[in-house]
Trainee: 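One structure, as structure tokens, below. Some questions next.
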Amino acid sequence: MKTAIGVLLTAIMLFPVYWMINVSFTRDQDMRKSPPNWFPVDGTLDGYRRVLDEQLPYLGVSLLVGLGTVALTLLVAAPAAYSLAKLRPRGGGALSFVLLIAQMIPGIIMAMGFYAIFLSAGVLNSVPGLIVADSTLAVPFAVLILTAFMSGIPEELLQAARTDGAGVVRTFVSIVLPVSRNALITVSLFAFLWAWSDFIFAGTLDQGGEHQPITLGIYHYIGNNNQEWNAIMATAVVASIPATILLVVAQRYVAAGVTAGAVKD
């Protein structure tokens, strides 16, 4: 009984995804058919052809922004988490509290602040500016997750490294980072997904740029082709593929990473 209920609820939640795929293959003349086709009868690939012709540059920019956000997030968050977890600097508890509060700030408020800063710095409507902005969402989360994991690393392991002559940096690079692989993959995945799906920062900080992410590509496409729903849904399907692949590949690492530090021996 519980299995049947679970399957039913899963089917209900996934139905919008199925309908998006179904519409992406539906011909324009069948779009307003009543009742609609529950399967792509006489399906067409016209929507996907339009995506490949018009949306690939947007997808490339999103991939660049996503990877850049992951790199910047790890570069900032991993050393910060190691410091909070093992070096225990003065004011570390207050900093952790500030990072927690930072996640509660609405994105639109941050976007307005970034707009004024980027305008003065001359990085408005640029990919690097968008990477910096997206990283501000991922870094607090990454620091908290990595701190929880690194706090569980046995002190004996770090002491052995110090006994062998390893300094703080060498211990961090050679011991802490390899041991923290699951947590690093987890925060990398979430950082990429946040950057990939971001619309607020993109719409505010890169609206007039020459290189725009896929979220703006879909937005402009809907505005310019509001009757071509198969092309719109095809764009959404293609934009969902990278995130889906990453979630499937990294699933077991994420399961281990998000529970890291939750239980102590």
Side-chain angles (χ1 to χ4, degrees), residues 1-48 50-51 55 59 62-63 66 70 100 103-104 106-107 137-138 140-142 144-146 148-149 152 180-200 214-215 217-219 221-222 226-265:
M1 183 63 180
K2 293 180 180 179
T3 301
I5 294 176
V7 171
L8 178 61
L9 293 176
T10 301
I12 293 174
M13 290 186 292
L14 292 180
F15 180 76
V17 177
Y18 166 74
W19 197 250
M20 176 178 68
I21 297 174
N22 179 40
V23 173
S24 70
F25 289 106
T26 302
R27 299 181 301 176
D28 290 335
Q29 57 267 36
D30 296 333
M31 201 65 62
R32 299 182 181 278
K33 184 178 179 181
S34 182
N37 293 326
W38 292 97
F39 301 96
V41 180
D42 299 323
T44 178
L45 294 175
D46 289 344
Y48 290 92
R50 296 191 188 101
V51 171
Q55 298 293 337
L59 289 169
S62 283
L63 182 62
V70 170
L100 183 62
Q103 297 185 86
M104 303 178 185
L137 295 177
F141 171 82
L144 295 175
I145 291 293
L146 291 175
F149 183 91
S180 306
R181 181 187 64 174
N182 289 341
L184 291 172
I185 293 176
T186 299
V187 300
S188 297
L189 177 62
F190 279 95
F192 182 86
L193 293 178
W194 278 327
W196 184 266
S197 61
D198 169 65
F199 180 78
I200 293 178
I214 188 60
T215 48
I218 295 175
Y219 178 72
Y221 200 80
I222 291 175
N226 52 15
Q227 299 299 320
E228 300 179 12
W229 286 106
N230 56 354
I232 294 171
M233 293 302 173
T235 303
V237 171
V238 173
S240 302
I241 292 176
T244 303
I245 294 175
L246 285 176
L247 285 171
V248 172
V249 172
Q251 181 180 8
R252 64 190 183 98
Y253 299 104
V254 173
V258 295
T259 58
V263 178
K264 294 186 179 294
D265 296 331

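Nothing here was measured: the structure is a model prediction, and the numbers come from that model. Quick note: residue numbers are just sequence positions, from 1.
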Trainee: Taking all non-hydrogen atoms of both residues into account, name the closest pair between Met20 and Met233 and its distance.
Mentor: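 Looking at all heavy atoms of both residues, the shortest contact is O-CB, 3.4 Å.
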Trainee: Could you pull out every donor-acceptor pair under 3.5 Å between side chains of residues 8-17 and any protein atom, sequence neighbours left out?
Mentor:
unit_1, atom_1, unit_2, atom_2, d
Thr10, OG1, Gly6, O, 2.8

Trainee: Ring-plane angle category for Phe25 and Tyr48, please: parallel below 30°, perpendicular beyond 60°, tilted otherwise.
Mentor: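 Tilted.
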Trainee: With under 30° as parallel and over 60° as perpendicular, where do the rings of Phe39 and Tyr18 fit, or are they tilted in between?
Mentor: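 The rings of Phe39 and Tyr18 stand perpendicular, inter-plane angle above 60°.
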Trainee: Nearest 0.5 Å, please: how far is CD1 in Ile145 from CZ in Phe149?
Mentor: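 Rounded to the nearest 0.5 Å, the CZ-CD1 separation comes out at 11.5 Å.
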Trainee: Ile214: which residues meet the side-chain contact (heavy atoms from CB on, under 4.5 Å) condition with it, sequence neighbours left out?
Mentor: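 Here the qualifying residues are Gln55, Tyr58, Leu59, Ser62, Trp196, Ile218, Thr235, Ala239.
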Trainee: Within this structure, what is the CG-OG distance for the pair Leu45 and Ser24, rounded to the nearest 0.5 Å?
Mentor: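 If I round to the nearest 0.5 Å, the distance is 9.0 Å.
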Trainee: Side-chain contact test, heavy atoms from C-beta onward, threshold under 4.5 Å: evaluate it for Leu193 versus Leu247 and give yes or no.
Mentor: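 A side-chain contact under 4.5 Å exists here.
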Trainee: Nearest 0.5 Å, please: how far is CZ in Phe141 from CZ in Phe190?
Mentor: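 Going from CZ on Phe190 over to CZ on Phe141, the span is 5.0 Å.
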Trainee: Please report the closest heavy-atom contact between Val70 and Ala191, naming both atoms and the distance.
Mentor: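 Distance-wise, the nearest heavy atoms are CG2-CB, 4.2 Å.
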Trainee: Which atom pair, heavy atoms only, marks the closest approach of Ala142 to Val187?
Mentor: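 Looks like CA-CG1, 3.7 Å.
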Trainee: What are the two closest heavy atoms between Ser240 and Thr244, and how far apart are they?
Mentor: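 So the two residues come closest at O-OG1, 2.8 Å.
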Trainee: State the CZ-OG distance between Arg181 and Ser188, to the nearest 0.5 angstrom.
Mentor: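 Reported to 0.5 Å precision, the distance equals 12.5 Å.
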Trainee: Less than 4.5 Å apart, any side-chain heavy atom of Thr215 and any of Asp198?
Mentor: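 Answer no - side chains too far apart.
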Trainee: For Asn22 and Thr26, work out which heavy atoms get closest and say how close.
Mentor: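 Distance-wise, the nearest heavy atoms are O-OG1, 2.8 Å.
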